[in-house]
Protein chains: 2
Amino acid sequence: MSVTIKDVARRAGVSPSTVSRVLSNHPRISAATARKVREIMEEMGYHPNLMAKSLVSKTTKSICVILPKPAEELFLNLFFMELIRGIVAQAARSGYDVLISSGANESEEVEAVARLVNGRRVDGAVLLYSRKDDPVVEFLQERKFPFVLVGRSERHPDILSVDTDNVQAAYDAARHLISLGHERIGFVGGPPNMVVSIDRMEGYRRALEEAGLPFRRDWVVEGEFLQDSGYRAMSLLMNLPERPSGMLVVDDFVTFGVIRGLNELGYKIPGDLSIVSFNNLALAELSSPPISSVDIGIYHLGYTASQTLIRWIEASPEERTPVRHIIPHRLIVRESSLYAPGGKA
Amino acid sequence: MSVTIKDVARRAGVSPSTVSRVLSNHPRISAATARKVREIMEEMGYHPNLMAKSLVSKTTKSICVILPKPAEELFLNLFFMELIRGIVAQAARSGYDVLISSGANESEEVEAVARLVNGRRVDGAVLLYSRKDDPVVEFLQERKFPFVLVGRSERHPDILSVDTDNVQAAYDAARHLISLGHERIGFVGGPPNMVVSIDRMEGYRRALEEAGLPFRRDWVVEGEFLQDSGYRAMSLLMNLPERPSGMLVVDDFVTFGVIRGLNELGYKIPGDLSIVSFNNLALAELSSPPISSVDIGIYHLGYTASQTLIRWIEASPEERTPVRHIIPHRLIVRESSLYAPGGKA
DNA sequence: ACAAGTTGTGCAAACGTTTTAACAATGACA
DNA sequence: TGTCATTGTTAAAACGTTTGCACAACTTGT
């Protein structure tokens with residue numbers, strides 16, 4: 001049907017091998033032949049069949065990204081999309097295509113990635129935010145299949161990964177509240193099986209400890225990455241006899257819930273409660289009041305993940321050495337944490 | 001390296017063709033052979049090489065989705081992600097993989113899709129929200145390459161597409177405001193070269209006309225899909241000598257800007273101004289006040305797009321008939337449009 | 001017991017590339 | 001003038017499948 005390398009060869013009066021060599025800029029092709037062949041390719045509208053190429057080269061020039069289960073946690077969409085954009089942009093620069101895969105649950109996720117890996121359809125995989133023991137990680141690890149983790153694996157520290165220093169990020173955020181004069185600081189976390197939740201909680205703890213402030217279990221609420229989580233957390237916290245004056249909240253979406261809860265209860269932000277959040281999604285800026293949030297460079301995270309993975313894929317086995325990239329974060333201070341406790345400026 | 005159909009054949013004492021037939025459930029394979037071959041496949045960990053398969057079948061079992069230029073319009077991320085989820089979910093059900101592609105600008109977009117199409121790397125494409133003349137549409141149309149448009153093409157009405165009836169949606173939204181008693185209704189639109197903007201404006205116009213209300217050019221502001229757009233629109237509108245009491249806003253993100261603007265100017269919603277928005281992104285619910293918004297079933301849109309495309313791909317040429325699917329929309333009324341003009345309940 | 005179908009399997013070509021090894025032609029060197 | 005290296009090209013095998021055709025071995029029906 002469509003024009004192949006043989007057609008071009010015939011028309012140019014050379015062998016298919018020669019055409020192939022022209023395509024790959026082989027050094028031992030005469031300038032004259034090269035020019036002629038290229039002309040004919042143009043004229044005939046030739047485009048190499050990537051499948052055939054893949055078959056012989058055993059390489060697909062594509063990577064996949066595994067989307068964690070969607071379901072309720074729609075909120076992460078903003079995060080993922082930004083990440084994917086980074087990944088796609090970098091991959092395109094390196095001449096790679098990106099496949100998106102997902103599953104309705106963990107075992108479907110493994111199935112989906114297994115299909116791609118076993119079918120040799122991709123050369124590598126990007127895994128997004130992993131839980132503590134991720135079956136996909138296990139699977140790929142065992143197969144020795146190239147992959148990079150956006151996030152961190154507790155169990156496998158010696159893995160290709162790109163991450164935020166969440167401990168430090170939370171530490172910085174807490175320090176910010178402390179430096180404003182807050183002494184009663186609470187924390188609204190995410191799912192306790194996610195590394196990101198654990199790390200942010202740890203940074204929070206350290207900052208308190210270092211400042212000699214109390215780490216109170218009743219000021220720490222774990223939940224999900226949902227706004228409802230934030231809402232419920234507030235109902236709980238604000239009913240305590242002794243309440244925090246500052247809060248760290250694990251994600252901007254959750255913060256939305258927190259703010260809604262506080263509004264309903266009649267509290268003012270930042271007057272009655274100062275809030276610092278994480279991720280700096282578009283929402284943080286849009287909120288009223290705008291939310292102080294730690295920007296973790298999501299696009300950059302994706303971009304670097306893709307780059308790291310592709311470098312690994314293209315490196316010879318002996319050059320391959322597991323590396324962990326930390327993408328710098330930056331606290332963006334907005335209205336939600338402008339005042340000292342009690343509403344003083 | 002990895003185990004092929006030949007290895008399995010040898011071990012099972014049959015020919016490769018037989019193994020291949022077992023794989024495809026050919027009717028003329030004896031139950032005994034089939035069982036045996038399957039056993040061996042399992043035992044040896046055989047998985048078919050999809051590239052080789054593609055090469056001979058001239059089919060890749062994958063589709064691509066073309067992401068419009070990213071840049072500033074990050075806000076659309078929520079929209080796209082939801083759409084992609086729908087597409088990926090359906091594609092997976094049909095055994096298809098999904099490639100994401102994008103370009104920094106229009107010509108790069110064409111290049112990106114050309115690479116995939118020319119390289120026979122995908123069997124079809126999903127195009128997201130198109131401008132009035134989309135070069136990618138032209139390209140695919142000319143190549144007779146299967147694709148489905150999420151949205152509508154003015155120039156090519158006879159195209160496979162999945163869409164919202166945006167005229168009707170805007171009409172419904174306007175009717176809602178009218179039924180609340182509003183007689184001065186304004187409109188904040190999107191980029192004037194996007195079909196969606198045009199259609200929503202048209203629905204707005206029709207509802208006004210039908211109700212005998214004035215369509216005033218100075219109450220219509222066109223802009224971009226950015227919150228700043230909404231913010232600026234408000235500065236303009238609220239400085240007019242005669243101001244609208246109700247607004248239709250083309251997207252929830254823009255509405256965020258509108259609300260921020262109104263807040264700063266000291267207006268109350270819905271007391272001073274009632275607002276109805278479109279798309280019902282997660283934000284609409286999170287906003288304070290929560291925004292009335294027309295839910296257009298984005299996931300469903302993606303799901304149907306994928307389904308439509310794949311059906312087309314798998315149909316024989318004579319069965320192929322361009323179809324235009326309209327996904328139903330639904331106005332979700334929230335606080336932002338609870339009152340009649342002047343704040344009466 | 002024979003023709004005609006049916007059932008199960010194998011051979012070999014095809015899909016569109018890349019790549020190794022071989023070879024012819026040319027030029028350089030002594 | 002013969003050897004040797006260099007340069008440009010090709011033939012053919014390989015990558016891992018699918019599939020049309022042929023064929024043998026059974027079933028049927030008569």
Side-chain angles (χ1 to χ4, degrees), chain A residues 1-38 40-41 44-62 95 115-123 314, chain B residues 1-38 40-41 44-62 95 115-123 314:
Chain A
M1 200 67 254
S2 57
V3 29
T4 81
I5 222 175
K6 288 183 190 172
D7 302 326
V8 176
R10 190 163 3 195
R11 180 86 151 263
V14 299
S15 78
S17 351
T18 301
V19 177
S20 171
R21 296 215 156 88
V22 169
L23 238 34
S24 53
N25 294 312
H26 189 101
R28 297 228 299 234
I29 287 289
S30 75
T33 331
R35 198 168 38 70
K36 174 158 189 188
V37 168
R38 273 192 237 282
I40 305 233
M41 291 194 311
M44 301 181 73
Y46 168 78
H47 295 278
N49 181 318
L50 300 182
M51 293 300 151
K53 201 171 193 152
S54 284
L55 182 55
V56 28
S57 71
K58 289 175 175 320
T59 228
T60 62
K61 288 284 199 172
S62 38
R115 249 177 44 83
L116 296 174
V117 170
N118 289 330
R120 296 117 183 127
R121 208 176 174 110
V122 294
D123 299 340
E314 296 187 338
Chain B
M1 198 69 252
S2 58
V3 29
T4 81
I5 223 175
K6 289 185 190 172
D7 301 326
V8 175
R10 190 164 5 202
R11 180 88 152 262
V14 298
S15 79
S17 351
T18 301
V19 177
S20 170
R21 290 200 242 264
V22 169
L23 238 34
S24 53
N25 295 312
H26 190 101
R28 301 231 295 238
I29 288 290
S30 76
T33 327
R35 199 167 39 68
K36 174 156 188 191
V37 168
R38 273 193 239 279
I40 306 230
M41 291 194 311
M44 301 181 73
Y46 169 77
H47 294 278
N49 182 318
L50 300 180
M51 293 301 150
K53 201 170 193 153
S54 284
L55 182 55
V56 29
S57 71
K58 288 175 175 319
T59 228
T60 62
K61 288 284 200 175
S62 38
R115 250 178 42 84
L116 296 174
V117 169
N118 288 331
R120 297 123 186 118
R121 208 180 177 105
V122 293
D123 299 340
E314 296 187 338

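In the text below, chain A, chain B and the rest are named by the order of the sequence lines, each starting its count at 1.
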Between [N] ([atom2]) and [X] ([atom1]): distance, integer Å:
X: A:Arg120; N: D:dC15; atom1: CZ; atom2: C1'; value: 11 Å
X: B:Leu55; N: D:dC15; atom1: CG; atom2: P; value: 14 Å
X: B:Met51; N: C:dT17; atom1: CE; atom2: C1'; value: 14 Å
X: A:Met44; N: C:dG16; atom1: CE; atom2: P; value: 13 Å
X: A:Ile5; N: C:dC15; atom1: CD1; atom2: P; value: 14 Å
X: B:Lys53; N: C:dG16; atom1: NZ; atom2: C1'; value: 19 Å
X: A:Lys6; N: C:dC15; atom1: NZ; atom2: C1'; value: 8 Å
X: B:Leu50; N: D:dG16; atom1: CG; atom2: C1'; value: 11 Å

For the pair [X] (side chain) and [Y] (backbone), establish whether a donor and an acceptor sit closer than 3.5 Å, ignoring hydrogens and angles.
X: A:Ser20; Y: A:Pro16; result: no
X: B:Thr59; Y: B:Ser54; result: no
X: A:Arg21; Y: A:Val19; result: no

Is there any protein nitrogen or oxygen under 3.5 Å from a nitrogen or oxygen in nucleotides 8-11 of chain C, and what are the pairs?
residue : atom : partner : partner atom : Å
C:dG8   : N7   : B:Arg28 : NE           : 3.2
C:dG8   : O6   : B:Arg28 : NH2          : 3.2
C:dT9   : OP1  : B:Thr33 : OG1          : 2.6
C:dT9   : OP2  : B:Ser30 : N            : 3.1
C:dT9   : OP2  : B:Ser30 : OG           : 3.3
C:dT9   : OP2  : B:Thr33 : OG1          : 2.8
C:dG10  : OP2  : B:Ser15 : N            : 2.7
C:dG10  : OP2  : B:Ser15 : OG           : 3.2
C:dG10  : OP2  : B:Thr18 : OG1          : 2.6
C:dG10  : N7   : B:Arg21 : NH2          : 3.3
C:dG10  : O6   : B:Arg21 : NH2          : 2.3
C:dC11  : N4   : B:Ser17 : OG           : 2.9

Exercise. Report the residues that fulfil side chain to side chain donor-acceptor pair (under 3.5 Å) with A:Ser17, sequence neighbours left out, ordered by chain and then residue number.
Key: A:Ser15
Exercise. Among A:Val3, A:Asp7, A:Val8, find the residue that satisfies the side-chain contact (heavy atoms from CB on, under 4.5 Å) test when tested with A:Ile40.
Key: A:Val8
Exercise. Examine C:dG16: is either OP1 or OP2 under 4.0 Å from a nitrogen or oxygen in the side chain of B:Lys58? Give yes or no.
Key: yes
Quiz item: Which nucleotide, C:dT17, D:dT17, D:dT18, lies nearest any side-chain atom of B:Tyr46?
Solution: D:dT17
Quiz item: Just wondering, do A:Arg120 and B:His47 contact through their side chains at under 4.5 Å, heavy atoms?
Solution: yes
